[in-house]
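Below is one structure, written out as structure tokens; comments come after it.
In each ligand, atom 1 is the first atom listed, and ligand 1 is the first ligand listed.
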Amino acid sequence: RPRVLSGIQPTADSFHLGNYLGAIRQWVAMQDTHDTFYCVVDLHAITVEHDPKLLRQRTRVSAAQLLALGIDPDRATLFVQSQVPEHPQLSWVMECMAGFGEASRMTQFKDKSTRQALDRVSVGLFTYPILQAADILLYQANFVPVGEDQRQHLELTRDLAQRFNTRFGKTFTLPEAYIVKDTGKVFDLQDPTAKMSKTVPAGVVELLEDPKKVAKKIRSAVTDTGREIVYDVENKPGVSNLLSIYSALSGRSIEDLEKAYDGKGYGDLKKDLGEVVVEFVTPVQAAVKGYLDDPAELDKLLAKGAERARAVASRTLAQTYERVGFLAG
Ligand code: ATP
Ligand code: MG
């Protein structure tokens, strides 16, 4: 079975619809066909200022959400990144393979370091794509199901792997980004030209938010001039975003939805979509609560996942160290 790895940051109290439709939905589906490794990437979450207590809480809530959304710990290896020390160990080697110039070209860094009012932009935020490369290469992943915003980081990962292989002999599998077409980028409801993001909370639909608030957020989504409900990303980014979300959650095609809303108004679309989203989040919230009611059990499950992950990661790291010229441990 082809190998899959992906991760998500515990940087907010809840995942949002973009995380689910852009990434996690594929994670769930791929469990049936691939050998899957999924992690909560807490090492990445400290690249921006954070609160330790909150981070621990969010790490558990993140794992609980993955389980509630359908990740099955018997089929997938579900773990927390900091519990597998091979990640930062391989990351150092990869940092030494990466050029300063190429790391400087990462647009996510440019966005995050300028969009957020950070007291200090950390070196960790700058090198985070390299740690991400290590996350992927440790597991010899063939595919990485992510949102569109991660495409450039995947390219960097491939370049680093290729460079290492050329210099030291074939060690790493070159991974491919697995990005879905329609919901690879879910847009912010208040600014439908920006991606929905955990750390830039504007029009973000959180999975764990009060369902009444969820419906209200969707009802107050920015729509476009005109009144027709048609999918046209260029001229109608707001409506198109709502149609993509609607289609993904309901399983109805965009054309089908366009026909159904022919002659109706934006208000009708938003009201109905609100109901669809509420119907989706309600059982997820109940399931998350169930997992969080027993944190000891959850921690045990994650420790088991980390053990399974380490079995694979330590093999890749040992081979890498040997190739680089370190003495055997
Ligand atoms: P942060 O703002 O902290 O970076 P995020 O919302 O970007 O948070 P991540 O944890 O960085 O979330 O990303 C988890 C996964 O969700 C990644 O695969 C990412 O590509 C995907 N993703 C994030 N935002 C969107 C979006 N708006 N549409 C589609 N996929 C997304
Ligand atoms: Mg992100």
Side-chain angles (χ1 to χ4, degrees), residues 4-30 36-50 54-55 58-59 61-63 65-66 69 71 80-81 106-118 122 124-125 128-129 131-132 135-136 141 143-157 175-209 221 233 237-238 240-242 244-245 247-249:
V4 161
L5 174 123
S6 199
I8 186 154
Q9 306 196 54
T11 38
D13 294 328
S14 171
F15 296 162
H16 56 72
L17 272 182
N19 298 139
Y20 178 65
L21 296 176
I24 300 166
R25 204 158 67 123
Q26 282 61 247
W27 298 15
V28 174
M30 287 173 120
T36 50
F37 288 76
Y38 299 128
C39 55
V40 178
V41 289
D42 53 348
L43 294 174
H44 289 284
I46 66 166
T47 54
V48 291
E49 222 173 281
H50 76 286
L54 207 52
L55 175 61
R58 287 173 168 178
T59 299
V61 176
S62 297
Q65 285 175 94
L66 292 176
L69 291 166
I71 300 301
V80 174
Q81 184 191 27
M106 296 297 117
T107 56
Q108 278 231 8
F109 174 73
K110 290 187 208 166
D111 285 354
K112 283 198 176 178
S113 56
T114 52
R115 256 187 19 181
Q116 297 168 51
L118 300 172
S122 72
L125 186 64
Y128 122 81
L131 174 58
Q132 191 182 328
D135 298 338
I136 297 164
F143 298 101
V144 185
V146 284
E148 184 62 49
D149 62 316
Q150 292 295 329
R151 192 184 286 280
Q152 194 189 27
H153 292 168
L154 253 295
E155 277 309 310
L156 175 70
T157 302
E176 264 173 62
Y178 182 93
I179 300 173
V180 284
K181 207 162 72 245
D182 296 323
T183 50
K185 188 165 184 179
V186 174
F187 295 89
D188 188 282
L189 295 189
Q190 289 304 316
D191 175 6
T193 58
K195 95 166 184 90
M196 195 177 276
S197 165
K198 281 198 234 94
T199 40
V200 187
V204 179
V205 181
E206 298 188 330
L207 305 185
L208 300 184
E209 196 164 32
V233 178
S240 303
N241 189 36
L242 296 177
S244 304
I245 296 171
S247 167
L249 287 180

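Proximity of K185 to ligand 1, defined as any heavy-atom pair under 4.0 Å, is confined to the backbone N, CA, C and O atoms. At a heavy-atom cutoff of 4.0 Å, ligand 1 is contacted by both the backbone and the side chain of S197. Counting heavy atoms closer than 4.0 Å to ligand 1, residue H16 contributes side-chain atoms (C-beta onward) but none from N, CA, C or O.
Residue contacts with ligand 1: K195 is placed with a nitrogen or oxygen under 3.5 Å of a nitrogen or oxygen of the ligand (distance criterion only). Any N or O atom pair closer than 3.5 Å counts here, and K198 shares at least one such pair with ligand 1. Checked against a 3.5 angstrom limit, the closest N/O atoms of M196 and ligand 1 fall inside it. In terms of polar-atom proximity, N19 is counted as a contact of ligand 1, with an N or O under 3.5 Å from an N or O of the ligand. Close N/O approach between E148 and ligand 1 is not found [any backbone or side-chain N/O within under 3.5 Å]. Of the polar atoms of A23, none of the N or O atoms is found under 3.5 Å from an N or O of ligand 1, judged by distance alone. For ligand 1, the polar-atom distance check finds no N/O of P145 at less than 3.5 Å from any of the ligand's N/O atoms.
Here the straight-line distance linking atom CD1 of I46 with atom CG of L125 works out to 11.5 Å at 0.5 Å rounding. Note that CZ of R151 and OG1 of T107 are 12.0 Å apart. Values are rounded to the nearest 0.5 Å. From F187, atom CZ reaches atom CE of M196 across 10.5 Å, with rounding to the nearest 0.5 Å. Distance OG/S244 to CG/L249: 10.5 Å, rounded to 0.5 Å. Annotation: the span from L69 atom CG to I24 atom CD1 amounts to 5.5 Å, rounded to 0.5 Å.
In terms of heavy atoms, P10 sits closest to L55 at CG-CD1, 3.8 Å. Between A248 and L21, the shortest heavy-atom distance links the atoms CB-CD2, 3.8 Å.
Distances below 4.0 Å separate heavy atoms of G184 from the following atoms of ligand 1: 28 (N), 29 (C), 30 (N). Heavy-atom contacts of I8 reach the following atoms of ligand 1: 10 (O), 14 (C) (cutoff under 4.0 Å). In summary, the atoms of ligand 1 found under 4.0 Å from a heavy atom of G22, numbered by their order in the structure, are 29 (C), 30 (N). With ligand atoms numbered from 1 in the order given, ligand 1 contributes 3 (O) to contacts under 4.0 Å with heavy atoms of T11. Taking a cut-off of under 4.0 Å to the non-hydrogen atoms of K112, the atoms of ligand 1 that pass are 1 (P), 3 (O), 4 (O). Atoms of ligand 1 lying under 4.0 Å from at least one heavy atom of Q150, given by number and element, are 20 (O). If you number the atoms of ligand 1 from 1 as listed, the ones under 4.0 Å from a heavy atom of T183 come out as 29 (C).
Heavy atoms of Q108 come nearer than 4.0 angstrom to ligand 1 in no pair at all. Distances from ligand 1 to the non-hydrogen atoms of L21 include no value under 4.0 Å.
A 6.0 Å sphere centred on CZ of F109 holds more than 12 heavy atoms belonging to other residues, nucleotides or ligands.
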>> Please determine whether side-chain contact (heavy atoms from CB on, under 4.5 Å) holds for the pair V61 and D13, giving the CA-CA distance in whole Å, both sets of side-chain angles, and the decisive distance to 0.1 Å.
In response: CA-CA 7 Å; V61 176; D13 294 328; over 6 Å; no

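Applying the salt bridge (charged side-chain N to carboxylate O under 4.0 Å, His left out) rule to D182 yields no partners; only residues at least two apart in sequence or on another chain are considered. K195 pairs by the salt bridge (charged side-chain N to carboxylate O under 4.0 Å, His left out) definition with D149, not counting sequence neighbours.
When each of H153, Q108, H44 is paired with Q132, the side chain to side chain donor-acceptor pair (under 3.5 Å) condition holds for H153 and for no other.
Residue nearest to atom 20 (O) of ligand 1, selected from D149, V186, V146: D149 (by heavy-atom distance).
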